[in-house]
Number of protein chains: 2
Amino acid sequence: MSIKISTKKQVLDLIIDQYDYFLFDCDGVLWLGDHLLPSVKETLEYLKEAKKTIIFVTNNSTKSRSTYLKKFEKMGIPNINKTEIFGSAFASAVYVDKILKLPKDKHVWVLGEEGIEQELKELGYTTIGGTDPSLNKDGVNFDPNTSLLDNLDSNVGAVVCGLTFQLNYLKLSLTMQYLLQDKKSIPFIATNIDSTFPVNGKLLIGAGSIIDTVAYASSRQPDAVCGKPNQSMMNAIKAQLPGLAENPKRGLMIGDRLNTDMKFGKNGGLDTMLVLTGIETEENVQSLNVEDKDVAVPTYFIDKLGDVYELTH
Amino acid sequence: MSIKISTKKQVLDLIIDQYDYFLFDCDGVLWLGDHLLPSVKETLEYLKEAKKTIIFVTNNSTKSRSTYLKKFEKMGIPNINKTEIFGSAFASAVYVDKILKLPKDKHVWVLGEEGIEQELKELGYTTIGGTDPSLNKDGVNFDPNTSLLDNLDSNVGAVVCGLTFQLNYLKLSLTMQYLLQDKKSIPFIATNIDSTFPVNGKLLIGAGSIIDTVAYASSRQPDAVCGKPNQSMMNAIKAQLPGLAENPKRGLMIGDRLNTDMKFGKNGGLDTMLVLTGIETEENVQSLNVEDKDVAVPTYFIDKLGDVYELTH
């Protein structure tokens, strides 16, 4: 059973006293699209003043860590460092480099946006697909008899798929060709599995649903899912924060999704707090089945992140 | 165990003598995209001369029956009648009309092409979405903060999803909004579930994979799948051919897919013949597990449909 945080005493006793490391999901927790949620800035400042360590963990692969820094600034949240941001695009690029050990002369086919492209480029890889403007142009009036699917790059050594708003049939079918190539031996990397993408109170198509299309069409499942709840991202965070690695219970993972954020925190040994500004409702939390392995019952839940500040000031 | 048809005697004894009704899948059997397969025209003429009844059953919903007639002509196969064609777009429109009994003043949201639009219009319905050019225009540079998702048509009474080459994130997200509307009460109709779409020897994204995207994103499964292997289309064919209804074993379903065509024929009580010009290989057929409920072991298989003519002439 999760504890609802709704009093000043609860914030001070249960949140501020118990934790040194605060891991935050971004979309649905700090902001919805381009709309900063109430008292988020004040909450982050309050935690920083209390000498807490803050880390942002996002499954949104459309932005690289560098682009995220700009978004934080634009949102009026200054003084964030690149090392405080862990994104699924970054995690996927690290996976290609450190786990797959893909040679740098191999190309990576990207179904996704510039977040993935930038992170891979920072690690020395050449990407194809992705935001290539010709794929948008040729995809608009797609003809199934096109010759555009004939010239595949034989040097592709990995396929990385994530969220893209510039989706079209050509990009999906090209991705499928690489997934079917060489007896399906090219590694298939998913940035994350979120089925929906919440924007301004609406649920749009999430990376997981896009990835599901090419998975279903090619009869393959991703060889790796790099975003939350996968623990490779958690391990990278712990490598940076030895104190959290030694004592995960001093860490609190705050997010808006049971099947990614809460599971990510719980599997990493951290306590968890669900905010209701994203896709979950109080009803969902109260009716959770603890036997359901796809979700994790959060330690706490709270109406919105900003309540941490509002309840104490 | 399936019998491979490779001699003149087999064609005459096993095919010509035993069957009066020949049901054909189109893509992958008659043609691949715009490329007519060898000796197909001659095979159809040969069967017609032998007084066989011919029916075309296609899961490709991008074309209406009227448009299919034009395609047959363009391919050099004349004298086909609209009543000889059963398409998944037609079957879906009939489902909306006869099974759902959707009032004619209700609108139907279409994720798909003009095949679905035309068949629904022939039955008196107004469609939205589909090939609406504004959705292609607005979808090219999709901004997740768009207001395009705000003005939903409150008069939508059904959602019909099928194959579309003009796919984009906007159309998928709009479809998702209707699937989530009114506590997910708007019926969700899938034209067909083929995961892939074979064109010119390549496998592209099939309707089933596109439908899977919105199904996964909205946590819904289609309320009805109208194309093969669903038997509503078979029942409509039998209603037109009482002789087949009385004695289904006088019918042979010819197709290139185990999980749609072969299953469709077998479930309808017909014998089945797989052609290897589509997505299946001889290896697949020989290694079939008869326990697998997703596929049906064909009665026969043959390298290509045209062999029926070539082996006998």
Side-chain angles (χ1 to χ4, degrees), chain A residues 27 31-35 60 62 113 133 136-137 139-150 152 163-177 179-180 193-219 279, chain B residues 27 31-35 60 62 113 133 136-137 139-150 152 163-177 179-180 193-219 279:
Chain A
D27 289 302
W31 52 64
L32 292 167
D34 283 335
H35 167 66
N60 183 342
T62 63
E113 301 208 351
N136 291 338
K137 193 173 149 283
V140 172
N141 291 304
F142 182 79
D143 171 0
N145 290 300
T146 180
S147 63
L148 292 169
L149 299 164
D150 291 333
L152 299 184
L163 183 63
T164 173
F165 304 119
Q166 310 292 309
L167 193 67
N168 62 38
Y169 190 90
L170 173 62
K171 291 181 187 181
L172 289 169
S173 287
L174 277 167
T175 304
M176 187 180 169
Q177 304 311 305
L179 293 178
L180 292 175
I193 53 160
D194 302 68
S195 61
T196 62
F197 181 72
V199 180
N200 302 335
K202 281 195 188 58
L203 295 177
L204 308 188
I205 299 289
S209 298
I210 294 173
I211 293 162
D212 201 47
T213 315
V214 290
Y216 187 70
S218 63
S219 299
I279 65 157
Chain B
D27 288 303
W31 53 63
L32 290 168
D34 284 334
H35 167 64
N60 182 340
T62 62
E113 299 209 354
N136 291 338
K137 195 174 149 279
V140 173
N141 291 304
F142 183 79
D143 171 2
N145 290 301
T146 179
S147 63
L148 291 170
L149 298 164
D150 290 332
L152 298 184
L163 183 63
T164 174
F165 305 117
Q166 310 292 308
L167 193 68
N168 64 38
Y169 190 91
L170 173 61
K171 291 181 188 182
L172 289 169
S173 287
L174 276 167
T175 304
M176 188 180 168
Q177 303 312 304
L179 293 178
L180 293 175
I193 52 159
D194 302 67
S195 61
T196 62
F197 181 72
V199 180
N200 303 335
K202 282 194 187 60
L203 295 177
L204 309 187
I205 299 289
S209 298
I210 294 173
I211 293 163
D212 202 47
T213 315
V214 290
Y216 188 70
S218 63
S219 298
I279 65 158

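Proteins get letters first, then strands, A, B, ... in listed order; numbering begins at 1 in each. For clarity, every value in this text was computed on a predicted model and none was experimentally measured.
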Discussion item. Quick check for you: among A:Asn141, A:Leu180, A:Ile211, which has the greatest number of heavy-atom pairs under 4.5 Å with chain B?
Written reply: A:Asn141
Worksheet, complete the sentence: When rounded to the nearest 0.5 Å, the distance separating CG of A:Asn145 from NE2 of B:His35 is 11.0 Å
Item to complete: Check A:Pro144 against B:Phe197 and note the closest heavy-atom contact, atom names and distance.
Response: CB-CE2, 4.3 Å
Fill in: Heavy-atom pair of closest approach, residues A:Leu204 and B:Gln177
CD2-NE2, 3.7 Å
Discussion item. Quick check on B:Thr164 against chain A: is it the side chain, the backbone, both or neither that has a heavy atom closer than 4.5 Å?
Written reply: backbone
Practice prompt. Keeping the roles fixed (side chain from B:Gln166, backbone from A:Asn168), state whether a donor-acceptor pair exists under 3.5 Å.
Written response: no
Item to complete: To the nearest 0.5 Å, tell me how far A:Leu172 CG sits from B:Thr213 OG1.
Response: 7.0 Å
Worksheet item: Is it the side chain or the backbone of A:Asp143 that comes within 4.5 Å of chain B heavy atoms, both, or neither?
Response: neither
Worksheet item: Is the A:Tyr169 ring parallel, tilted or perpendicular to the B:Phe165 ring (thresholds 30°, 60°)?
Response: perpendicular
Practice prompt. Select, from B:Gly206, B:Ser219, B:Ser195, B:Ser209, the one with the greatest count of heavy-atom pairs under 4.5 Å involving chain A.
Written response: B:Ser209
Practice prompt. Using non-hydrogen atoms and a 4.5 Å limit, figure out which bit of B:Asn136 sits close to chain A: side chain, backbone, both or neither.
Written response: neither
Worksheet item: Which one, B:Leu167, B:Leu149, B:Ile205, B:Ile210, leads in non-hydrogen pairs under 4.5 Å with chain A?
Response: B:Ile205
Worksheet item: Is it the backbone or the side chain of B:Leu179 that comes under 4.5 Å from a heavy atom of chain A, or both, or neither?
Response: neither
Worksheet item: chain A heavy atoms under 4.5 Å from B:Val140: which part of the residue, side chain, backbone, both or neither?
Response: both
Practice prompt. Measure the CE-CG distance between A:Met176 and B:Leu203 for me, rounded to the nearest 0.5 Å.
Written response: 5.0 Å
